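Have a look at the structure below before the remarks.
Predicted model, so just to flag it, every value in this text is computed and none were measured.
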There are 2 protein chains.
Amino acid sequence: MSDTSKPYVLIVEDEAPLVTLLRYNLEKQGFRVEDAGDGGEALTRITEAPPDLLLLDWMLPTMSGIELCRQLRRRPATRTLPIIMLTARAEDQDAVRGLDTGADDYITKPFSTEALIARIRALLRRAGALPQKNKLNFHDISLDPASHRVLRNGRSLHLGPTEFRLLEFFLRHPKRVFSREDVLNAVWGRDIHVEPRTVDVHIRRLRKAINGPDEIDIVRTVRAAGYALDLEDPAF
Amino acid sequence: MSDTSKPYVLIVEDEAPLVTLLRYNLEKQGFRVEDAGDGGEALTRITEAPPDLLLLDWMLPTMSGIELCRQLRRRPATRTLPIIMLTARAEDQDAVRGLDTGADDYITKPFSTEALIARIRALLRRAGALPQKNKLNFHDISLDPASHRVLRNGRSLHLGPTEFRLLEFFLRHPKRVFSREDVLNAVWGRDIHVEPRTVDVHIRRLRKAINGPDEIDIVRTVRAAGYALDLEDPAF
DNA sequence: AGCACCGTCATCAAACCTTCATGGAACCGT
DNA sequence: ACGGTTCCATGAAGGTTTGATGACGGTGCT
């Protein structure tokens, strides 16, 4: 659900000609396509902007496709990311299917473009079938502007008016860092004179309100820059 | 986002003279401008081609601005669309700000063109639609100015403020050598007095921060000249 | 009055920046 | 090749900045 327009497919494949072919066909079908040549690059791209679907070669230079797949399945953020494995005919199909790679589907090289597109559509349909309401959410927090309610892990939170608007603002622009001035302008209003330090205090109140005893802090402090609604470690 | 050329601003306002005025000023500032006289027309236009930013009158003939705003927020495609509300002075500012309209900013009529332009630019910058290009990368490093994050091989790096700005600067001019003076001017600021040797120390800290155990050093020292973001071995 | 909330301030600890001293590597002329 | 010189890498020290936190007084509402 990264972009509003086209579904974003990331191809992880080291054979350049195959990448070119795939890119051409997928783009013709209205997908946005990016590619990565090895596992490391793939991890970087996925972490910075998770695709809607991953086309993953079984055999890769540095990190194998299986290994990458496992790593992705280990992270909550990518646990449900649809993955299609590309395998060579030589490889044992039963192994591919049986091994708990965590891939959602696989296809044997060589394959027809039509078959691939069909599987991609099927997976996307399955994954995209569970869209969101008019609520804002991030990680395990959900805010409903209409009913003015905030939930974390299903339990209801009580926020003061300012904390509520603060959280709402952050939820509308997740993972983005805002300076205290930005926050003041957006949450308090433009022509109000308030000390920038006041933001600190409300951030603290917000943290205290939303962070239970065993829960991670989803408000990230960026020294000399501001605050963001984000996880400290993007792998989680 | 939508287009590569000019940012596209849609004005939803029923007072024709005001529309004319706004259109004139915005187009002079390099925006592409369209307008809609009521909520229904606005919805149509937005659906067929979502603007980069919406200027929305609070009071409208058929569907109120608030209602339109709510509807837009309900759709995934327009959930994050930047919206600036135009309100009359009479209306209660607190209500405008507090009510869950979902607007990103508001401005009170009558307003100066400068103020409006400033807010539009601020919002567009935040939304990432302006020249402010997102995500710089080089080799296997990726830096996102918006979220203030740096990744290498998928893992997140922690940089101090100065190291961050330093890396950002180098990423914007890869493979180019800069003297210590150049770096000081660009990263520290022009009229700051700091010993050129200090650059060494920060380069070292940057190296320590970004270079993992098995990773190559991306910062190249050019004796008697300065530093560059580059691979030591030009063997690709 | 009692309550919930807000803005400001003082304080403390951690993170950070700058400078300096030292050692070593690269470079130069002989 | 050799000594001398220039330049860079590195570690540590001292001082500064910045954010977290707790407390306080004020305000509006019930």
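Checked against the 6.0 Å centroid criterion, the rings of B:Trp188 and B:His193 do not qualify as a close aromatic pair. In this structure, B:Phe178 has its ring center under 6.0 Å from that of B:Phe169.
Rounded to an integer number of Å, the gap from A:Arg220 CZ to D:dA20 C1' is 17 Å. In this structure, B:Ile192 places its CD1 atom 9 Å from P of C:dT18, rounding to the nearest Å. Between the CD atom of A:Glu163 and the C1' atom of C:dG7 there is a distance of 12 Å, rounded to whole Å. Atom NE2 of B:His158 and atom C1' of C:dA14 are 11 Å apart (whole Å). The interatomic distance linking B:Leu166 (CG) with C:dC16 (P) rounds to 15 Å, in whole Å. Rounding to whole angstrom units, CZ of residue B:Arg223 and C1' of D:dC8 are separated by 7 Å. Nucleotide C:dC16 holds its P atom 12 Å from the CZ atom of B:Arg165, rounded to whole Å. What separates NE2 of A:His193 from C1' of C:dC6 is a distance of 14 Å, to the nearest Å.
Not counting sequence neighbours, the partners of A:Arg155 by the salt bridge (Lys or Arg N to Asp or Glu O under 4.0 Å) test are A:Glu215.
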What nitrogen or oxygen pairs link the protein and nucleotides 9-15 of chain D at under 3.5 Å?
residue	atom	partner	partner atom	Å
D:dA9	OP1	B:Arg207	NH1	3.0
D:dA9	OP1	B:Thr221	OG1	2.7
D:dA9	OP2	B:Tyr227	OH	2.7

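Under the 4.0 Å criterion applied to side-chain N and carboxylate O atoms, A:Arg180 and A:Asp200 are assigned as salt-bridge partners. Between B:Arg73 and B:Asp104 a salt bridge is recorded (basic side-chain N to carboxylate O distance below 4.0 Å). Under 4.0 Å is where a charged nitrogen must lie from a carboxylate oxygen, and between B:Asp144 and B:Arg149 no such pair does. Here A:Asp52 does not pair with A:Arg32 in a salt bridge; the nearest charged N to carboxylate O distance is not below 4.0 Å.
Within the 4.0 angstrom heavy-atom criterion, only backbone atoms of the sugar-phosphate kind lie near B:Thr162; the bases stay farther away. Residue contacts for B:His202: at a heavy-atom cut-off of 4.0 Å it reaches a base atom on one of the strands shown.
The side chain of A:Pro161 sits closest to C:dC6 out of C:dC6, C:dC27, C:dC17.
For the pair B:Trp188 and C:dC17, the criterion of a side-chain N or O lying under 4.0 Å from OP1 or OP2 is not met.
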